[in-house]
Amino acid sequence: MPELPEVEVVRSGLQAWASEVQVAEHPIERVDVLHPRAVRRAEVDLRTHLVGARVRWVSRRGKYLWLPLVGSDSALVAHLGMSGQLLLVPVESPDERHLRIRIRFEGLTRELRFADQRTFGGLMTGALIPDGSGGHLPEQVAHIARDPLDPLLDLDATVHRIRSKDVQIKRVLLDQAVLSGIGNIYADEALWRARIHGRRPARSLPRAEVVGLIEHVRQVMRQALAQGGTSFDALYVNVNGSSGYFERSLQAYGREGEPCERCGSPIRRERFMNRSSYLCPRCQRPPRRR
DNA sequence: CATAGATCCTGTATGC
DNA sequence: TGCATACAGGATCTAT
């Protein structure tokens, strides 16, 4: 499921293509929407907005991607949801089974395709607004906090916000308005590394422990990024359709019953927030009374 | 306002 | 073999 490292792999793949073909010189000539659900928050028809527009570059915050358009103060915004893929493929390639949106550029041999099996993801256009630090971001992303790999992340403020929440720490990690880009997989990995049980109240954690947790989030995400991200199946792929291989490096997520790599205790799976959490019952002690 | 829970969606895996 | 059910989970909406 695409979290920050997987989305960043997609961003950098798109950006490499954008630079290589000088995409800003090739207006969008055609947009096909094959599934209405793939277009989100469409005040203006996606086709109307995009045809004739030119893409400047590819940006990201947390799990959101966006492509600012030349001279329009707006951007094409993408969220991959659970199973979304952004693919760059030759225009003559047959449609993917779950192809939802096709964007073709004048004079380019490859087109941008959005495919999405579970249709939780989508494309949309959004006005660009100031981000408070001299940059811009789409209105739909305004409520998303900076992510752990953002050089402008305010660590002190983030730690303070985390510790001010009256909820369990894993819930806070998954809150994109506090620290973005973290999903179920990297939340479990970082908590395992930090030896913190996800049900512990955020405000009970000493400051240093929260600082350490964020540092573990950063490390695991950097390592995953270096290996092209995590993918359990063909659902998550980069723009060329190939998978990352961080899955083999996971130490908690998906390892129910397998020995903890630190202490040997079997990794346990628990239900949490209507999904699964994987943790070491020995390294990650639960709070006294949940 | 803050927090908790339901909901959307489809392919795959599992159980009877 | 076939049908039913569980499961995967990010973001958004609704309820408390």
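Residue numbering restarts at 1 for every chain, and letters A, B, ... go by the order of the sequence lines. No experiment lies behind these values; they were computed from the predicted model shown. Hydrogens, waters and symmetry mates play no part in the numbers below; they use all other heavy atoms, side chains included.
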Next on the checklist: Can you see if the side chain of R40(A) gets near the phosphate of dC8(B) - specifically, an N or O under 4.0 Å from OP1 or OP2?
Outcome noted: no
Sort me out a list of protein N/O and nucleotides 1-3 of chain B N/O pairs below 3.5 Å, or just none if empty.
residue : atom : partner : partner atom : Å
dT3(B)  : OP1  : D166(A) : N            : 3.0
dT3(B)  : OP2  : K165(A) : NZ           : 3.2

Checklist entry - Under 3.5 Å, is there a donor-acceptor pair between the side chain of E215(A) and the main chain of V211(A)? => result no
Checklist entry - In whole angstroms, how far is the P atom of dT10(B) from the CG atom of D116(A)? => result 10 Å
Checklist entry - Could you write out DNA chain B as a dot-bracket string, with dots for unpaired bases, | for bases paired across to another strand, and Watson-Crick or G-U pairs counted at under 3.5 Å? => result .|||||||||||||||
Checklist entry - When the distance from CE of M273(A) to C1' of dT7(B) is rounded to whole Å, what number comes out? => result 14 Å
Item to check | Side-chain ion pair, D147(A) and R60(A), N-O less than 4.0 Å | outcome: yes
Checklist entry - If you round to the nearest 0.5 Å, how far is CZ of R11(A) from CH2 of W66(A)? => result 10.0 Å
Checklist entry - Below 4.5 Å, heavy atoms only, C-beta onward: do L69(A) and V55(A) meet side chain to side chain? => result yes
Next on the checklist: Between N184(A) and S276(A) (side chain of the first, backbone of the second, donor and acceptor by atom type, cut-off under 3.5 Å), is there such a pair?
Outcome noted: yes
Next on the checklist: Counting only heavy atoms from other residues, nucleotides and ligands, does the tally under 6.0 Å from CD of E92(A) exceed 12?
Outcome noted: yes
Checklist entry - Between atom CD in E256(A) and atom C1' in dA8(C), what is the gap in whole Å? => result 14 Å
Checklist entry - Hey, does the side chain of S276(A) come within less than 4.0 Å of dA8(C)'s phosphate (OP1/OP2), counting only N and O? => result yes
Next on the checklist: Among residues at least two apart in sequence or on other chains, which ones pass salt bridge (Lys or Arg N to Asp or Glu O under 4.0 Å) with R203(A)?
Outcome noted: D166(A)
Next on the checklist: Any side-chain to backbone donor/acceptor pair from R113(A) onto L87(A)? Under 3.5 Å, distance only.
Outcome noted: no
Checklist entry - Taking protein heavy atoms under 4.0 Å as touching, what does nucleotides 10-16 of chain C look like 5' to 3' if B marks base contact, S marks sugar-phosphate-only contact and - marks none? => result BBS----
Checklist entry - dA8(C) P sits how many Å from L250(A) CG, rounded? => result 15 Å
Detail all sub-3.5 Å separations between protein N/O atoms and N/O atoms belonging to nucleotides 11-15 of chain B.
residue : atom : partner : partner atom : Å
dG11(B) : O4'  : Q117(A) : OE1          : 3.2

Checklist outcome for this item: Apart from L152(A) itself, its cluster of hydrophobic side chains linked below 4.5 Å comprises none
Checklist entry - Ignoring hydrogens and geometry, is there a side-chain-to-backbone donor-acceptor pair from R218(A) to P148(A) under 3.5 Å? => result yes
Checklist entry - Between dA8(C) atom C1' and R269(A) atom CZ, what is the distance in whole Å? => result 10 Å
Item to check | Atom pair CZ/OH of R193(A) and Y186(A) - distance to nearest 0.5 Å | outcome: 10.0 Å
Next on the checklist: For R54(A), is the CZ atom crowded, meaning more than 12 foreign heavy atoms sit under 6.0 Å from it?
Outcome noted: no
Item to check | Protein-nucleotide distance (F272(A), atom CZ; dA8(C), atom P), rounded to Å | outcome: 15 Å
Checklist entry - Could you walk me through whether Q168(A) and F272(A) pass the side-chain contact (heavy atoms from CB on, under 4.5 Å) check? => result CA-CA 10 Å; Q168(A) 298 140 316; F272(A) 182 74; 3.7 Å; yes
